Amino acid sequence: MSEDDRPDPATEAFVTHRNLLFTIAYEMLGSAADAEDALQEAWLRWADVDLDAVRDRRAYLIRITTRQALARLRTLNRRKESYVGSWLPEPLLTTPDVAEDVVLADSVSMAMLLVLETLTPAERAVFVLREVFDLRYDEIARAVGKRPAAVRQIAHRARAHVTARRPRGVVSPAETRDALEAFRRAIETGDLQGLLDVLAPDVVLLSDGGGVVQAVPRPVVGADRVVRLLAAGLDMVGARTSVEPVQINGCPALIIRLDEETDSVVAVRIDAGLITAVYSVRNPEKLSRIERATAVSR
């Protein structure tokens, strides 16, 4: 590549770290569309920066991306208050190498993103930057506009909060695939007993239609109720349904198609070997990232 063909230094730095910046914004927001908007705002600010005055370009980019994500998170939280039905994170089709990074895969999993939803915006930003991306407290302090001592307290509080709510123990991809295989068999063969065997008695099903398509408006609690709901759906559309195992947010999941058109993404949370939560994303506005893999990194 000639000197004339090389991008300018600002563009080159942004492109180099773009996947990292997207992942930070996505983990803070749970929405790829909003993460992209945050990156666009970060780029506009980065383009005006005097690079000669920037000692660490990666740290500076993380800082402005975090600030844009925090501002958008507060707006997003207000939107969620009027959201129709259950809100679930926007699923991302990911490549197998994401699952090989256990910390990254856990941090972008649907189950973890829902746990992060229970944090305050500041707690979420600090947790993501510290626990996933291993930033120093002074770096995080500059990103969130707080003193390092305050950031340490926030990190401790957020860590305790997440630990109390995250899945217990390490769940292997094989364990998740086995559980999803029971789902696939139930859909394709009607073997509902096999599914019932892997559901926790108090399993919760959340379905996100966003008011755009039909979805159960409230959480469905209990293995028997979840299976009855699935049986009712299969009675109506069973022969028209196909299932594809995929990697979603670094974990095994299923894409369900109806008449060869994408209908939903199904992911699960597993505790002590049983499915304790089922996440079904049907909102078509959230299904644009499942036909092509999205790069995430840390």
Side-chain angles (χ1 to χ4, degrees), residues 1-76 90 92 94-95 97-98 100-108 112-113 116 119 121-152 154-155 158 249-250 289 292-298:
M1 180 181 293
S2 69
E3 288 294 328
D4 291 340
D5 293 333
R6 291 189 63 180
D8 63 271
T11 301
E12 189 172 28
F14 194 86
V15 170
T16 297
H17 299 297
R18 192 187 190 287
N19 292 345
L20 165 72
L21 302 176
F22 172 84
T23 307
I24 290 172
Y26 175 72
E27 291 195 19
M28 288 179 59
L29 297 166
S31 162
D34 285 286
E36 292 288 2
D37 288 344
L39 255 63
Q40 180 63 27
E41 292 295 327
W43 161 252
L44 292 175
R45 284 154 178 76
W46 175 245
D48 288 336
V49 170
D50 177 7
L51 296 188
D52 291 336
V54 177
R55 185 175 56 192
D56 185 337
R57 295 178 181 181
R58 178 181 181 273
Y60 196 100
L61 282 165
I62 289 174
R63 190 186 317 161
I64 58 176
T65 299
T66 299
R67 289 176 180 172
Q68 294 309 309
L70 272 172
R72 189 159 291 272
L73 180 58
R74 295 181 176 103
T75 301
L76 186 58
E90 182 178 352
L92 305 177
T94 50
T95 53
D97 62 295
V98 175
E100 295 170 6
D101 184 335
V102 176
V103 173
L104 178 61
D106 177 65
S107 70
V108 298
M112 177 56 78
L113 290 175
L116 296 182
L119 300 175
E123 287 173 342
R124 187 166 185 168
V126 170
F127 182 87
V128 167
L129 295 177
R130 180 63 182 173
E131 299 300 317
V132 182
F133 297 95
D134 200 28
L135 264 66
R136 301 192 310 270
Y137 288 113
D138 61 316
E139 294 176 307
I140 299 172
R142 286 192 289 272
V144 300
K146 297 183 181 295
R147 295 179 180 276
V151 167
R152 286 179 180 274
I154 293 171
N249 291 54
R289 292 271 182 159
R292 187 175 64 179
T294 295
V296 294
S297 67
R298 66 184 183 101

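Model, not experiment: these values are computed from the prediction.
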Inset, instruction - List in chain and number order the residues that pass side chain to side chain donor-acceptor pair (under 3.5 Å) with Thr95, two or more places apart in sequence or in another chain; answer none if no residue qualifies. - result: Asp97

Inset, instruction - Could you tell me which non-hydrogen atom of Ala105 sits nearest to which non-hydrogen atom of Gly250, and how far apart they are? - result: CB-O, 3.7 Å

Inset, instruction - Can you run down the side chain to side chain donor-acceptor pair (under 3.5 Å) pairs that involve residues 58-67, sequence neighbours left out, and say none if there aren't any? - result: none

Inset, instruction - Of all the heavy-atom pairs spanning Ala35 and Phe22, show the shortest one and how long it is. - result: CB-CE1, 3.8 Å

Legend entry - Atom pair CG/CG of Leu44 and Leu39 - distance to nearest 0.5 Å: 10.5 Å

Legend entry - Minimal non-hydrogen separation, Gly30 against Arg124, with atom names: N-NH2, 3.8 Å

Legend entry - Gap between atom CZ of Arg72 and atom CG of Asp37 - 0.5 Å precision: 4.0 Å

Legend entry - Residue pairs involving residues 9-21 (criterion side chain to side chain donor-acceptor pair (under 3.5 Å); sequence neighbours excluded): Arg6-Glu12, Asp8-Thr11, Arg18-Glu36

Inset, instruction - State, with a plain yes or no, whether a side-chain heavy atom of Arg152 is found less than 4.5 Å away from one of Arg130. - result: no

Legend entry - Pairing residues for Arg45 by the side chain to side chain donor-acceptor pair (under 3.5 Å) criterion, not counting sequence neighbours: Glu41

Inset, instruction - Among Ile140, Asp138, Leu135, find the residue that satisfies the side chain to side chain contact (heavy atoms under 4.5 Å, CB included) test when tested with Val151. - result: Ile140

Inset, instruction - Under the side chain to side chain donor-acceptor pair (under 3.5 Å) rule, collect the residues that match up with Arg298, sequence neighbours excluded. - result: Asp101

Legend entry - Distance-minimising heavy-atom pair for Ala10 and Leu51: N-CD1, 3.5 Å

Legend entry - Contact summary for Phe14 and Ala42, nearest pair of heavy atoms: CE1-C, 4.4 Å

Inset, instruction - To the nearest 0.5 angstrom, please state how far the CD1 atom of Ile64 sits from the CH2 atom of Trp46. - result: 6.5 Å

Inset, instruction - Determine, step by step, whether Tyr26 and Thr294 satisfy the side-chain contact (heavy atoms from CB on, under 4.5 Å) criterion, reporting the C-alpha distance in whole Å, the side-chain angles of both residues, the deciding distance to 0.1 Å, and the verdict. - result: CA-CA 11 Å; Tyr26 175 72; Thr294 295; over 6 Å; no

Inset, instruction - Look at the side chain of Glu90 and the backbone N and O of Ala32, then say whether any donor-acceptor pair between them is shorter than 3.5 Å. - result: yes

Legend entry - Heavy-atom check, side chain of Leu104 versus side chain of Thr23, under 4.5 Å: yes

Legend entry - Nearest-0.5 Å distance that lies between atom CG in Leu29 and atom CG in Leu116: 11.0 Å

Legend entry - Separation between CG of Leu92 and CG of Asn249, rounded to the nearest 0.5 Å: 4.5 Å

Legend entry - Non-neighbouring partners of Ser107 that pass side chain to side chain donor-acceptor pair (under 3.5 Å), sequence neighbours left out: Glu27

Inset, instruction - Any chance you could measure Glu131, atom CD, to Asp106, atom CG, to the nearest 0.5 Å? - result: 11.0 Å

Legend entry - Side-chain heavy atoms of Phe133 within contact of Ile62, under 4.5 Å: no

